[in-house]
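Numbering of residues begins at 1 and proceeds along the displayed sequence. Just so you know, these numbers come straight off a predicted model, no measurement behind them.
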Amino acid sequence: MARPEPHPRTWHGRVGDAEVHLVGTIQGLAGESELVEFAWKEGFPGRMPDAVAVGVPEEDVKNLVRIGDEGKESFLEEELDTGSYEESLLPQLARFGAIAVPPDDLVAAERLARETDTPLAALDLSDHEHADLYVQLVSGLQMIRGQMRLRKFTGGRAEDADSPEELMLQWDRVLTDIKGYRKLEEAREERMAEGIKHLIDEQGKRRVLGVVPYARLPGVAERLSG
């Protein structure tokens with residue numbers, strides 16, 4: 001199988017009368033906050049975003065706000081649970097640098113929004129919607145195949161990745177080569193693009209900074225461009 005070719009970390013484009021600047025981050029890898037901070041300063045030269053949208057569920061945005069208000073220490077062992085991502089991928093990401101929990105890219109997005117009184121919006125499916133769609137799209141057999149593929153990947157193939165970007169794309173391919181998982185991720189991309197369009201069309205935002213999972217950035221950008 002050919003190695004995935006990492007794609008750029010950012011995308012900038014127009015959606016109607018608005019500008020959208022997307023940043024693809026690797027949640028859990030320390031230092032990703034720098035990408036968010038740079039995008040905040042340089043994504044719209046001479047201007048600030050008038051909305052920040054993050055590719056997580058509404059439940060996680062509420063927790064990010066609480067972290068911003070109360071500090072992150074009390075949240076280190078709760079909330080923002082990444083499930084199989086945390087169990088399978090974070091140990092592999094540690095080969096490329098320190099691990100940040102909660103993800104420092106999301107913490108930075110919330111902080112920048114809070115400090116400037118800029119609206120912060122969730123883009124991803126809610127936990128309930130994700131669970132319902134998972135049951136609808138991923139059969140029991142596909143779930144077993146996915147678990148087996150992840151175990152095989154983290155047991156050896158993950159070590160072949162030369163960069164955190166390549167690791168993320170390899171891990172994503174392991175699952176999205178299975179039809180049900182692919183459709184689930186496509187649904188997430190569609191929801192994220194719809195969320196950004198809602199900020200533009202329904203709320204009148206003209207400069208939207210989106211912080212989305214690295215592997216989902218091309219799909220979200222394609223849907224915004226169409």
Worksheet item: Does the pair E19 and R47 meet the rule for a side chain to side chain contact (heavy atoms under 4.5 Å, CB included), with working shown?
Response: CA-CA 11 Å; E19 289 182 82; R47 297 170 296 174; 2.6 Å; yes
Discussion item. Rounded at 0.5 Å granularity, tell me how far CG in L137 sits from CD in Q142.
Written reply: 8.5 Å
Worksheet item: Hey, what do you get for CG (L112) to CE (M48), rounding to the nearest 0.5 Å?
Response: 9.5 Å
Discussion item. Take a 6.0 Å sphere around CD of E222 and say whether it holds more than 12 heavy atoms from other residues, nucleotides or ligands.
Written reply: no
Fill in: E34, CD atom: more than 12 neighbouring heavy atoms under 6.0 Å
no
Worksheet item: Which atoms form the tightest heavy-atom contact between Y214 and M168, and what is the distance?
Response: CD2-CB, 4.1 Å
Worksheet entry | Closest contact, heavy atoms only, P6 versus S163 | CG-OG, 4.4 Å
Practice prompt. Taking all heavy atoms of V54 and all of A109, pick out the closest pair and write down the distance.
Written response: CG1-CB, 3.8 Å
Item to complete: Look at the side chain of R188 and the backbone N and O of L125, then say whether any donor-acceptor pair between them is shorter than 3.5 Å.
Response: no
Practice prompt. May I have all residue pairs that pass ring pair (Phe, Tyr, Trp, His ring centres under 6.0 Å) and include part of residues 102-121, sequence neighbours excluded?
Written response: none
Worksheet item: Do R14 side-chain atoms and D17 backbone N/O form a donor-acceptor pair below 3.5 Å?
Response: yes
Worksheet item: Among E189, E190, E186, which one satisfies salt bridge (Lys or Arg N to Asp or Glu O under 4.0 Å) with R216?
Response: E189
Worksheet item: Linking Ile, Leu, Val, Met, Phe, Trp and Tyr by side-chain heavy atoms under 4.5 Å, what else ends up with V212?
Response: W11, V15, V20, L22, L123, M192, I196, L199, I200, V208, L217, V220, L224
Worksheet entry | Trace of the side chain to side chain contact (heavy atoms under 4.5 Å, CB included) decision for I26 with L93 | CA-CA 9 Å; I26 299 175; L93 274 176; 3.7 Å; yes
Fill in: Pairs meeting criterion ring pair (Phe, Tyr, Trp, His ring centres under 6.0 Å) with involvement of residues 12-31, two or more places apart
H12-H21, H12-F44
Worksheet entry | Qualifying residues under ring-ring contact (aromatic ring centres under 6.0 Å, His included), relative to H198, sequence neighbours excluded | none
Worksheet item: Under 4.5 Å between any side-chain heavy atoms of P4 and R173, yes or no?
Response: yes
Worksheet entry | Q27 CD to I99 CD1 distance, which is reported to the nearest 0.5 Å | 12.0 Å
Item to complete: Any chance you could lay out the salt bridge (charged side-chain N to carboxylate O under 4.0 Å, His left out) test for K62 and E59, step after step, and finish with the verdict?
Response: CA-CA 5 Å; K62 292 178 180 177; E59 296 91 340; over 6 Å; no
Discussion item. Using every non-hydrogen atom in the two residues, find where A193 and R223 come nearest and quote the distance to one decimal.
Written reply: CB-CB, 3.6 Å
Worksheet item: Taking 4.0 angstrom as the limit, do D50 and K205 come out as a salt bridge?
Response: no
Discussion item. Assess the residue pair E110 and I67 against the criterion (side chain to side chain contact (heavy atoms under 4.5 Å, CB included)); give the C-alpha distance rounded to whole Å, side-chain angles, the decisive distance to 0.1 Å, and a yes or no.
Written reply: CA-CA 9 Å; E110 189 281 330; I67 290 171; over 6 Å; no
Discussion item. Quick check: do R149 and D177 have side-chain heavy atoms less than 4.5 Å from each other?
Written reply: yes
Fill in: Interatomic distance, D104 atom CG to L29 atom CG [nearest 0.5 angstrom]
8.0 Å
Worksheet item: Within the side chain of R207, is there an N or O that forms a donor-acceptor pair under 3.5 Å with the backbone of P49?
Response: no
Side-chain donor-acceptor contacts of residues 35-42 below 3.5 Å, not counting sequence neighbours, with atom names and distances?
unit_1	atom_1	unit_2	atom_2	d
E37	OE2	R111	NH2	2.7

Worksheet entry | Atom pair CZ (R145) and CD1 (I178), whose distance is rounded to the nearest 0.5 Å | 4.5 Å
Worksheet item: Will you find, in the side chains of S126 and E129, an N or O donor that is under 3.5 Å from an N or O acceptor?
Response: yes
Worksheet item: Roughly how far, to the nearest 0.5 Å, is the CG atom of L64 from the CG atom of L120?
Response: 7.0 Å
Discussion item. To check you understand the geometry: which heavy-atom pair defines the closest contact between Q170 and A161, and what is its length?
Written reply: OE1-CB, 3.8 Å
Discussion item. I want to check something: taking the side chain as every heavy atom from C-beta on, are K152 and V174 in contact at a cut-off of under 4.5 Å?
Written reply: no
Discussion item. To check you understand the geometry: which heavy-atom pair defines the closest contact between A108 and S33, and what is its length?
Written reply: CB-CB, 3.7 Å
Worksheet entry | Atom NZ of K183 with >12 non-hydrogen neighbours under 6.0 angstrom | no
Response to the item:
Contacts of R9 meeting salt bridge (charged side-chain N to carboxylate O under 4.0 Å, His left out) (sequence neighbours excluded), chain-then-number -> E32, E165
Discussion item. Classify the ring geometry of Y181 against Y134: parallel below 30°, tilted from 30° to 60°, perpendicular beyond 60°.
Written reply: perpendicular
